[in-house]
Amino acid sequence: MTFRELIIYGQDMLKNAGILDFENDTKVLLMYCFNLNYTELMVKLLEEVPEEKLQYFQECIDKRIKHIPCQHITGVQEFMGYEFKVTPDVLIPRQETEILVEESLTAMNQSVSCKALDMCTGSGCIGISFFLERKSKGFDADVTLADISKEALEVANYNNKNLNADCKIIITDLFENITEKYDIIMSNPPYIKTSDIEELMDEVKLYDPRLALDGYEDGLHFYKKIIKEARNYLNYEGKLFFEIGHDQHKDVERLLIDAGYSDIILKKDYAGLDRVVIATYKKDGL
Ligand code: GLN
């Protein structure tokens, strides 16, 4: 059997199982099993597949058929050009979350130093890529990764070391163990309404940690708490960067205004959906 034939076989299996991204997922699993990058795979299309690895590929396809996300099979997800380890204890980094990091970087690109907090960090992808991007441009960054989950922080700690970042890590229920002040607080908190969780794709509903999704009854539980408490942990003119659900902009904006934040900016993602809200707190010390 050639690689090309194996791709067709895998794609048929996944397509028949109702996996939407069957074309891409087959290639991702194939590259993973046979330890090839995309170019290598394309060059090998007409070559014979090494028999001894076929069984392993079949096992990966069988897992994907059960809607286990590719990232839980390969153990990694790329984010901002960096490879992050993922496990079932962390939300798989989403591409649209890169907008949050990019906006944070842009907002701070005139500041040689920056103290940043990534609240509800999960895999650490936001804070770690913020740190690495700042460093690659010759800027300083003092970044803290915070989460309530010990298991998630183990993954964040691995990513921090593996990617040669130097972020601090704190286990904390929101701001409970936070003692310092920051120039920016970035957060992609759980924001799905509890009642909407059942409607999510199996990949998300069954395999992303519930703890990272559930924003309680109105989906706004963590925004309410973070908006209120962050005021005590932001330096003067400090900024809050939130990822939000596509229909949460008005509610989050109202919460921010009521709590005394200003300069509220909304950013959309590449699909044109509301995705990031930025706000400034100018009241500290006045
Ligand atoms: N964006 C995620 C989703 O689509 C939700 C992430 C979150 O709750 N922070 O399911």
Side-chain angles (χ1 to χ4, degrees), residues 68-69 71-98 100-101 104-105 114-135 140-192 197 203-216 221-227 229-230 232-234 240-243:
I68 296 178
Q71 295 89 340
H72 286 179
I73 303 172
T74 62
V76 290
Q77 169 64 35
E78 190 244 90
F79 182 84
M80 294 292 292
Y82 304 105
E83 192 175 89
F84 284 86
K85 171 181 171 169
V86 295
T87 72
D89 289 314
V90 300
L91 187 89
I92 295 170
R94 312 287 207 253
Q95 208 199 341
E96 49 287 12
T97 305
E98 293 182 354
L100 175 88
V101 179
S104 308
L105 288 165
C114 171
K115 224 170 129 135
L117 174 65
D118 175 2
M119 177 54 78
C120 310
T121 191
S123 65
C125 66
I126 294 175
I128 293 172
S129 54
F130 179 84
F131 176 96
L132 293 171
E133 286 295 296
R134 291 267 308 173
K135 216 173 130 191
D140 227 25
D142 177 348
V143 180
T144 299
L145 313 174
D147 208 286
I148 192 173
S149 159
K150 181 173 156 281
E151 292 76 19
L153 288 179
E154 279 164 12
V155 178
N157 183 41
Y158 174 90
N159 285 322
N160 189 37
K161 293 211 168 90
N162 191 45
L163 290 166
N164 285 320
D166 191 16
C167 301
K168 296 167 192 155
I169 295 180
I170 298 185
I171 184 156
T172 174
D173 182 357
L174 296 179
F175 290 93
E176 207 170 274
N177 300 332
I178 304 290
T179 52
E180 298 183 13
K181 289 199 173 205
Y182 299 88
D183 302 315
I184 66 169
I185 298 176
M186 305 175 281
S187 186
N188 176 16
Y191 59 66
I192 313 283
I197 291 181
E203 280 78 351
V204 181
K205 176 175 65 186
L206 302 179
Y207 298 107
D208 270 320
R210 192 65 55 128
L211 188 67
L213 297 172
D214 194 345
Y216 295 56
H221 175 81
F222 293 96
Y223 296 119
K224 288 177 185 161
K225 290 197 135 184
I226 295 170
I227 286 170
E229 294 176 34
N232 299 320
Y233 299 92
L234 281 170
L240 197 50
F241 293 79
F242 275 134
E243 175 168 321

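Reckoned from all heavy atoms, side chains included, excluding hydrogens, waters and symmetry mates.
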Just wondering, more than 12 heavy atoms not from Leu211 lying within 6.0 Å of its CG?
-> no
Can you find a pair of side-chain heavy atoms, one from Ser187 and one from Phe222, that are under 4.5 Å apart?
-> no
Interatomic distance, Asp183 atom CG to Ser104 atom OG [nearest 0.5 angstrom] | 12.0 Å
For Pro69, all residues meeting side-chain contact (heavy atoms from CB on, under 4.5 Å), sequence neighbours excluded | Gln71, His72, Ile92, Glu203, Tyr207
Interatomic spacing from SG in Cys120 to CD1 in Ile148 - rounded to 0.5 Å = 9.0 Å
Output for pair (Ile170 CD1, Leu145 CG), nearest 0.5 Å, gives 9.0 Å
About how many Å separate CG of Asp147 and CG of Leu153, when rounded to the nearest 0.5 Å?
-> 5.0 Å
With a 4.5 Å limit on heavy-atom distance, are the side chains of Lys205 and Leu213 in contact?
-> no
Heavy atoms, side chains only, cut-off 4.5 Å: are Leu240 and Ile226 in contact?
-> yes
Expected output: side-chain Asn188 to main-chain Glu243 donor-acceptor under 3.5 Å = no
Evaluate the side-chain proximity of Arg94 to Val204: yes if any heavy-atom separation is below 4.5 Å, no if none is.
-> yes
Let me have the donor-acceptor pairs involving side chains of residues 79-88, under 3.5 Å, with sequence neighbours excluded, atom names and distances please.
residue, atom, partner, partner atom, Å
Tyr82, OH, Glu133, OE2, 2.6
Thr87, OG1, Asp89, N, 3.0

So the ring pair (Phe, Tyr, Trp, His ring centres under 6.0 Å) pairs with at least one residue in residues 167-190 (sequence neighbours excluded) are Phe175-Tyr233
Between the OG1 atom in Thr121 and the CG atom in Leu91, the distance rounded to the nearest 0.5 Å is 11.0 Å
How many angstroms lie between CG in Asn159 and CD1 in Ile128, if you round to the nearest 0.5 Å?
-> 5.0 Å
Non-hydrogen atoms of Ala146 and Ile178 that approach each other most closely = CB-CD1, 4.2 Å
Give the minimum heavy-atom separation between Glu229 and Leu174, together with the two atoms involved.
-> OE1-CB, 4.4 Å
